[in-house]
Asker: 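First the structure, which I've put down as structure tokens, then a few questions once you've had a look.
Whatever order the structure lists them in is the order used to number ligands and atoms, beginning at 1.
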Amino acid sequence: MAAVYPNPSISAMNVDNPLKALEREGLERAMHDLIAELYPICRSITGEGVRETLRLIQKRMPLEMHEVPSGTQVFDWTVPLEWNVSDAYISNREGTRVVDFKAHNLHLMSYSVPARKKMRLEELRPHLFTLPDHPDWIPYRTSYYTENWGFCLRHADLEQLSDGEYNVVIDSSLQPGSLTYGETYLPGETTDEILISCHVCHPSLANDNLSGIAVAVILAQTIASHARRYSYRFLFVPGTIGSIAWLARNEHRVSRVKHGLVLTGVGDAGKVTYKRSRQGHAEIDQAMAHVLKHADGPYDIFDFSPYGYDERQYCSPGFNLPVGCFMRTPHGKYPEYHSSADNLDFVKPESLAQSYELCLSVFDLLEHNSTYINTNPKCEPQLGRRGLYRAIAGQQEKHSKELALLWVLSGSDGGHSLLDIADRAGVPFNQIFAAAMALVQVGLLEECLKPVKAHE
Ligand SMILES: [Zn+2]
């Protein structure tokens, strides 16, 4: 199955593409299988769950694991103690586990401190979290930066608990260790980078964000097998503290990041959503809008806001990187968000595949977008003499090719990229690119190495 955004004849990333030569079904299965494999692991912002997750990713792509010691100062934050858990439960007098971490890892609030207590139900209640509106779902709760403990359970199960004494056991550890993140660098012809970042800190939640991990892995596999202008950097980081740690350690080279996407919640059945970078009119914002406009299906684009995922850090004013956030239904806008209902059934193979294809189309466009200059700018050049103008009038397909030639000649003043021209002409980028290549061949167009941004 070709990418949603068709770019067949011109794209370095669309030729010899073993991954995209896979049937759509194979692609869907690869992503859903990876999600199913990662789903049972108990992840948090630190700990063995993140390492195990990264090791499973390493089986599919080269990935470097970095460890940042607890206590490391990263801008205004400190890398926390490492959290691991071996067992946690609440049992009744008979010794029956009424809430059991081993049955579902969402049952334990993430970063719960160790505990061994006997408590009456009334004393226990402030530590119990449920979703009364969805009595069969287990909520997801964390307490990373405040010492606390808690259990999450189905409201229906809470209602079954009788008064009386319960035994609380949390065999967790909070000790000096490290924060772990994964990084993959795929060098291209230039050191200019495209950054793809996803968070790896959520436990058994499929859309948020095993879907982002799965799409990132398959994107990396695809991009690795192609010649490319840009270098690509993939980050698999714990949310917030992970991207902050990466930025703190890589401040000296973030200026290489020319475009970026945070991938999150890309597997639900809802429509595609893109949140622009803080810059608002970065090339990634323009490329994404263009691809979504010319692809099939509904979508939404909204402006940057300082809440959401790791784009908050990449776009903070001290960095202001051109990084947008690609998702489907935004977080908090679907009832299953941060609950046990965000499970393997909630992520749809066809949604994952479409998300992958759209991102790849955007990268493909960025790979080919450039600014050119018309070498014959005084009046129109005679295209017929150069074999570029139709011999017979009235052929519709040829007519659109000619219009594309005229748009490229008209727009190539050294201040407008091919994407600018495609947007102004209202035609897909690939047609404008094909026209540009034809004009380069006959010497009517030259790539402009120092374009002047001259937006009207
Ligand atoms: Zn989340």
Asker: The Zn ion (ligand 1) is nearest to which N, O or S atom of H202?
Answerer: NE2
Asker: Output the atom name for the N/O/S atom of H338 with the smallest distance to the Zn ion (ligand 1).
Answerer: NE2
Asker: Measuring from the Zn ion (ligand 1), name the closest N, O or S atom belonging to D208.
Answerer: OD2
Asker: Could you tell me whether E48 and R51 make a salt bridge, using a distance below 4.0 angstrom between a side-chain N and a carboxylate O?
Answerer: yes
Asker: Name the orientation class of the two ring planes belonging to W149 and H127 (parallel below 30°, tilted from 30 to 60°, perpendicular beyond 60°).
Answerer: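 Ring orientation of W149 relative to H127: parallel.
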Asker: Treating H104 as the side-chain partner and L106 as the backbone partner, does any N or O pair qualify as donor plus acceptor under 3.5 Å?
Answerer: yes
Asker: Strictly under 6.0 Å, is that where the ring centroids of W83 and Y144 end up?
Answerer: no
